[in-house]
Amino acid sequence: MSNATSTTLPLHMYIRPLMLEDEADVTKLEAVCFPPNERASKQNIEFRLKTCPELCSGLFVRDFDEDTKQIKSESLIGHILATKIPTEHITIESMGPVHDEASGIIAIHSVVIDPKYQKKNLATLMLTDYIQKLSNQELGSKIVIIVHEYLIPFYERVGFKVVAENTDVGKSPEFASSKWIDMERELVKEEYEA
């Protein structure tokens, strides 16, 4: 059974921060998953991976040699790209090469899963891991994102709330063909009792 129709999870998955060396794979995945007017440019991807790799996360699958048990290859099958922005919500300007380290607002610019691995709850797994890490590392106070209307239920399942229709992005020539919704999620460090 092919990955496209299989409901089983891929073996040897792991999540790690993305690095500049991952840029080519991130760019390819953006091209596969987004129409041209919505994907991140190579310049923006390089900026995000170079400037704030701690806010960029990748979901990988490793392939092992059966005889030697050594890693033969790793494939990027999903990613999250983000920066810290100086505004309360995402603007056209903040979607470019912008990062404000002093800000507590983390803007997610991209959440993707390779189409061959979709319908396996991997985006939920990746986002849940991402939110937990950001919360526990106290990297910001909240996450903001803009989404298409049909994706609202997905993001609500991982704790995001609708704020408003994003008229700033909605009026932009490059994004005018779509209605965008602002969503946000507070980041709260989990406390465990010893």
Side-chain angles (χ1 to χ4, degrees), residues 3-4 9-65 70-87 90-103 105-118 120 122-134 137 139-140 143-148 151 154-155 158 169 172-175 178 180 187:
N3 280 338
L9 293 174
L11 294 176
H12 311 299
M13 288 187 307
Y14 70 104
I15 296 172
R16 69 163 168 78
L18 291 168
M19 303 176 289
L20 193 54
E21 293 80 12
D22 298 313
E23 179 272 322
D25 292 331
V26 170
T27 300
K28 282 183 208 164
L29 200 51
E30 286 275 317
V32 168
C33 296
F34 289 117
N37 65 329
E38 293 181 20
R39 68 181 69 136
S41 68
K42 185 178 189 307
Q43 174 194 5
N44 283 345
I45 292 168
E46 285 177 358
F47 174 83
R48 292 167 186 160
L49 297 180
K50 188 185 295 183
T51 307
C52 48
E54 71 282 2
L55 300 178
C56 300
S57 186
L59 176 61
F60 293 85
V61 173
R62 284 183 174 155
D63 185 29
F64 288 87
D65 182 288
Q70 298 295 313
I71 299 170
K72 287 197 304 188
S73 64
E74 70 173 14
S75 303
L76 179 69
I77 64 168
H79 67 250
I80 298 172
L81 299 177
T83 60
K84 289 184 175 183
I85 60 172
T87 55
I90 294 175
T91 64
I92 291 298
E93 294 77 28
S94 69
M95 294 171 81
V98 173
H99 179 70
D100 179 358
E101 188 59 42
S103 175
I105 311 297
I106 297 166
I108 292 181
H109 302 288
S110 180
V111 176
V112 299
I113 296 291
D114 186 310
K116 295 182 295 220
Y117 294 94
Q118 290 178 1
K120 299 174 186 293
L122 295 177
T124 302
L125 170 83
M126 188 172 64
L127 264 172
T128 301
D129 176 80
Y130 185 79
I131 292 164
Q132 181 181 16
K133 285 177 181 169
L134 291 182
Q137 293 172 6
L139 291 175
I143 302 172
V144 297
I145 189 167
I146 56 169
V147 303
H148 290 290
L151 288 171
F154 166 74
Y155 285 99
V158 291
V169 176
S172 163
E174 61 265 37
F175 287 92
S178 297
W180 293 94
L187 291 172

One pair to check against side chain to side chain contact (heavy atoms under 4.5 Å, CB included): His148 and Trp180. What are the steps and the verdict? CA-CA 5 Å; His148 290 290; Trp180 293 94; 3.3 Å; yes
Set out, in order, the CA-CA distance, both residues' side-chain angles and the distance that settles side chain to side chain contact (heavy atoms under 4.5 Å, CB included) for Thr87 and Ile105, then state yes or no. CA-CA 7 Å; Thr87 55; Ile105 311 297; over 6 Å; no
Glu101 and Ser103: side chain to side chain contact (heavy atoms under 4.5 Å, CB included), yes or no, with the steps? CA-CA 6 Å; Glu101 188 59 42; Ser103 175; over 6 Å; no
Carefully, step by step, assess Glu30 and Thr27 under the rule side chain to side chain contact (heavy atoms under 4.5 Å, CB included). CA-CA 5 Å; Glu30 286 275 317; Thr27 300; 5.7 Å; no
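Looking at Asp22, Ile113, Leu76, Ile77 one by one, the single match for side-chain contact (heavy atoms from CB on, under 4.5 Å) with Leu29 turns out to be Leu76.
Distance check: Leu187 CG to Gln132 CD gives 11.5 Å after rounding to the nearest 0.5 Å. The NE2 atom of His109 sits 6.0 Å away from the CD1 atom of Ile90 when rounded to the nearest 0.5 Å. Distance NZ/Lys50 to CE/Met19: 15.0 Å, rounded to 0.5 Å. Note: Leu127 CG to Ser57 OG = 9.0 Å, rounded to the nearest 0.5 Å. Going from atom CD1 of Ile108 over to atom OH of Tyr155 covers 7.0 Å, rounded to the nearest 0.5 Å. Here CG of Asp129 is found 9.5 Å from CG of Leu134. Values are rounded to the nearest 0.5 Å.
Contact detail for Tyr130 and Leu55: the closest heavy-atom pair is OH-O, 2.7 Å. Nearest heavy atoms, Leu18 versus Ile80: CD1-O, 4.2 Å. Minimum heavy-atom separation, Ile45 to Leu81: CG1-CD1, 4.1 Å. Phe34 approaches Ser110 most closely through the heavy-atom pair CE1-OG, 3.3 Å. Taking both residues in full, the closest heavy atoms of Val112 and Cys33 are given as CG1-CB, 3.8 Å, listed atom of the first, atom of the second, then distance. Counting all heavy atoms, side chain and backbone alike, Arg48 lies closest to Thr83 at CG-CG2, 3.5 Å.
A donor-acceptor distance shorter than 3.5 angstrom exists from the side chain of Lys84 to the backbone of Leu139, with no hydrogens or angles considered.
Looking at heavy atoms from C-beta onward, Phe47 lies out of side-chain contact with Val98 at the 4.5 angstrom threshold.
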